[in-house]
Undergrad: 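First the structure, which I've put down as structure tokens, then a few questions once you've had a look.
Proteins get letters first, then strands, A, B, ... in listed order; numbering begins at 1 in each. Since the structure is predicted, the reported quantities are computational estimates derived from the model, not experimental observations.
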Amino acid sequence: MDLGESDDRAQALAVAMNALAEAVTIRGADNHVIYANTAALDRLGFATAEELSVADPRELLGPWNMADEHGAPVRMEDLPSMKVLAGEDPDPMLLRYVHRDSGEERWVVLKARPVRDARGAVEAAVTVIEDVTTSRRSTMRLEFIARAGHILASSLDYQQTLRNIADLAVPQIADWCALDLFDSDGERESVAVAHSDLDKVKLAERLRGIEPQELDPDQGLGLVQRTGQPALYNEITDEMIERAAVGEEQLRLLREVGMRAALIVPMIARNRTIGALTLVSAESGRTFDRGDVEFAEQIAARAALAVDNARLYRERSQVAHTLQRSLLPDALPEIPNWEIAALYRPAGHGNEVGGDFYDFWEVGQDDWLMMIGDVTGKGVAAAAVTSLVRYTARTASDYDPSPAEILGRVDSALKRRPVRSICTALCIRLSSGCGTVAAGGHPLPLCLGEGGVREIGSPGPMLGAFPVTAWPERTFDVRPGHTLVAITDGVTDVVGENRERFGRERLHRVLEQSRSEAPTIVRERLIAALDGFQVGAQTDDTAAVVMRMADIRLTEAGSEPNDRRVTSGKVGSDEYDDEAIAV
Amino acid sequence: MKPSLFEIDADWDGETVRLTTRGELDLATSPQLEQEMRTILARGAQRVTIDLSGLTFVDSSGLRVLIVLHERSKQDGWELALLAPSNPARAVFRISGAEEHLPFVQASSDGHRDGSQNLEGAGELKFMTSADTDCSKQEEDPPFVEENLA
């Protein structure tokens, strides 16, 4: 191949080649570049092809550092032109160049094809180098945003989410990515630091460990926290590091990081700077441009929104838990001669207040009242109604502790509300040897005894719903060893295969099989039966109260037969999750 | 794909609408019934029959919607009639006392339940009476006895 041929065609070809935006080089069999068009000479920093042809092939990159798309260094023999000369047929190669002095980053695709002599032997390799920086960056950013979108939407554990975002950012977006959050007092919490090299992450952790808690309000993170504006440092010098470092150890570690450039953008949610995203360029040597700042701001804004949502959700869950606990007794009471167990399972993910409730309180000398109910609806509105029902019932019992009378009072209180509020409730008064029950639209209680399982009481209308003023009340005998079970419809409405409901029959069967067991065992069997039946998520609140009258024959052998007290547990614990709360 | 748990169809005849419901009417689906009712009332319905006979399940949220609709019909001067669901969805109406207090009507004795039913054609309809809440006999009743509403 004779490129010195000076006929018109060759001349025209040379003009055309020099007009190309793509750089074209031809590498001879001796690995030296024997031709470069104008674009290639510009890229490589040579004035003429002659200068280039005598240069050491290893120094051709001039001021550019070259890495593959994953940031790994590229060896000479990996280049497509070198592979072509070695007789291979290489794929196009994507490379990242970073200018050693300016930190400018370029992305190029190298494609090489062989030039063969008459015998078919490879005598040169033609390489076309296309600059794809713009499209590469926009593709990378779009991909990043898409993947970050998934990550940000995937979990309400925002700390893990932010760690995943930081991991995603390295090494393509920057060598380092860190995320910090500021709490309401402005205290900084370092949430994530990522680098593709684990040793480097450890270095960062050591660095964070010795950093002063107080941020400098005039530089770096402190500045961004104070102003809510991005801060870009493209020329980080050793003097700057010396100035910023507090103490020898920090200076040493900061030098080890080898920061070239840093970009810090605020994470803003609801007009408050809740944190910052930091991108650091070190070994890649690149700097950040205006496009990088805009991109980082976009990521930070999304991350801020995710954090804010997660925090609001958490707050809401805490409010729901607090409210829920205020609607249930702190602990089951100790009622002489009665053993009690209760079950409470709110539906939802622990962030909603359920409408089911139960309560026990003492009336008169030895009598106790038990109330269980289900307020229609969920959330804070239902909680307000629940609260009204509970306290109205307690107050009403001061005047007349009759279950029917109590339901009547609750019904009137509900009807006085401006918004239609309805509720089902069951009220049982336990006296010595007998009980009185009234139900307002609520499943009737069951009595487990020698004869099996029987329903007691009479159904009465739902509370707050209809123009009625009286509720039927029934008295029943309770004998030692008998167990009373009161539930809310969440128990019988549990959904199983083919949308079948748990139903009264299954409930009866479970209770029948455990009718001589202690209340806690009855409760456990019920939970097991419900869990075994249920398909999918729990859709309704579930509550149940199990009460067994102590067997006097047992207590007669004891030393204090008249003071037999059966101890019960406390409602849940401080950690109150959406699992069953066994009392 | 998850099958729809609740379906509702409106059948217009002048100012009379018959809503046919199927599936489960509960906390999750009752807003659909509320929405449909808002729509048909906004379009000028004067007489609404809600056929609940296709329901397989009704919970207290579904019941609440019906109670509120009944109240509103009295306040705003339109007519509401309900066709009772069959078992087991009927249980909630029995237990809650709603059978007695909601405007249940019954299809004519031949079981004729098509769109020709009209609330003004009182001859075809008979308001339900319920013996369910007769408390005196309740304690002797074994569970699961379905009282005959007809």
Undergrad: Please give me the minimum heavy-atom distance between A:Ile422 and B:Ser60, naming the atom from each residue.
TA: CD1-O, 4.4 Å
Undergrad: Of all the residues in residues 401-414 of chain A, which have a heavy atom that comes within less than 4.5 Å of a heavy atom in chain B?
TA: none
Undergrad: If you draw a 6.0 Å radius around CZ in A:Arg417, do more than 12 non-hydrogen atoms from other residues or ligands fall strictly inside?
TA: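 Correct, the count exceeds 12.
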Undergrad: Can you name the salt bridge (charged side-chain N to carboxylate O under 4.0 Å, His left out) partners of A:Asp531, sequence neighbours left out?
TA: A:Arg345
Undergrad: How close do B:Ile95 and A:Pro443 get, heavy atom to heavy atom, and via which atoms?
TA: CG2-N, 4.3 Å
Undergrad: Apply the test side-chain contact (heavy atoms from CB on, under 4.5 Å) to residues B:Phe57 and A:Arg501: give CA-CA distance (whole Å), side-chain angles for both, the deciding distance (0.1 Å), then the verdict.
TA: CA-CA 9 Å; B:Phe57 178 76; A:Arg501 304 282 166 164; 3.2 Å; yes
Undergrad: Under 4.5 Å heavy-atom distance to chain A, tell me which part of B:Ala28 shows up: side chain, backbone, both or neither.
TA: neither
Undergrad: Under a 4.5 Å cut-off applied to non-hydrogen side-chain atoms, are A:Met462 and B:Leu63 in contact?
TA: yes
Undergrad: Could you tell me the separation between the OG1 atom of A:Thr376 and the CG atom of B:Leu27, rounded to the nearest 0.5 Å?
TA: 9.0 Å
Undergrad: Heavy-atom pairs under 4.5 Å with chain B: which of A:Thr424, A:Asp540, A:Asp493 has the most?
TA: A:Asp493
Undergrad: Which region of A:Val419, side chain (C-beta onward) or backbone (N, CA, C, O), has a non-hydrogen atom less than 4.5 Å from a non-hydrogen atom of chain B, or is it both or neither?
TA: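 The side chain, not the backbone.
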Undergrad: Go through it in stages, so that I can follow the logic: the residues are A:Val468 and B:Glu100, the test is side-chain contact (heavy atoms from CB on, under 4.5 Å), and I'd like the CA-CA distance, side-chain angles, deciding distance and then a yes or no.
TA: CA-CA 11 Å; A:Val468 286; B:Glu100 241 182 313; over 6 Å; no
Undergrad: Could you pull out the closest heavy-atom pair between B:Arg64 and A:Arg420, with the gap in Å?
TA: NH2-O, 2.7 Å
